[in-house]
Amino acid sequence: MKLHVIIEQDEKGYYVAEVPALPGCLSQGKTYEEAIANIKEAIEGWLEVMESKQSLDRAHLVEVAV
């Protein structure tokens, strides 16, 4: 899965990462590399939580590439 991540440096020097396609999926790090590692972990957690909230009927799942 590929997702767009926005990374900006805040006024205190931390790197803040956000995934616009996943509401509320945010993280940060003291370095750019740490912010990337942390947002990857946040994405995994976000997806796990969302999957657990929904009971999916696999018969109705369709994969779409854009």
Side-chain angles (χ1 to χ4, degrees):
M1 175 183 290
K2 292 184 181 183
L3 296 165
H4 291 233
V5 176
I6 298 171
I7 300 178
E8 298 177 324
Q9 195 170 17
D10 70 10
E11 62 279 349
K12 293 184 180 180
Y14 282 85
Y15 290 87
V16 179
E18 176 183 4
V19 183
L22 307 177
C25 188
L26 304 160
S27 194
Q28 67 179 18
K30 290 182 181 179
T31 65
Y32 184 86
E33 292 77 17
E34 185 179 9
I36 292 290
N38 290 344
I39 198 65
K40 285 180 182 180
E41 188 176 320
I43 290 167
E44 290 172 358
W46 192 98
L47 292 172
E48 279 182 28
V49 168
M50 289 301 138
E51 276 187 15
S52 71
K53 286 184 171 187
Q54 300 178 12
S55 59
L56 298 176
D57 180 356
R58 300 264 180 220
H60 292 107
L61 287 180
V62 177
E63 186 173 314
V64 177
V66 180

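This chain uses plain numbering: 1 for the first residue, then up along the sequence.
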Connected hydrophobic set around Val66, excluding itself, where side chains approach under 4.5 Å:
Val62, Val64
Without placing hydrogens or testing angles, list every side-chain donor-acceptor pair under 3.5 Å for residues 12-35, not counting sequence neighbours.
unit_1, atom_1, unit_2, atom_2, d
Tyr15, OH, Gln9, NE2, 3.4
Thr31, OG1, Glu34, N, 3.0
Glu34, OE1, Lys30, N, 2.9

Within the structure provided, determine whether Met1 and Leu3 are in side-chain contact (heavy-atom separation under 4.5 Å).
yes
4.5 Å side-chain heavy-atom contact, Glu51 and Val49
no
Transitively linked via ILVMFWY side-chain contacts under 4.5 Å: Ile39 with Leu47?
yes
Are any non-hydrogen side-chain atoms of Val5 and Lys40 less than 4.5 angstrom apart?
no
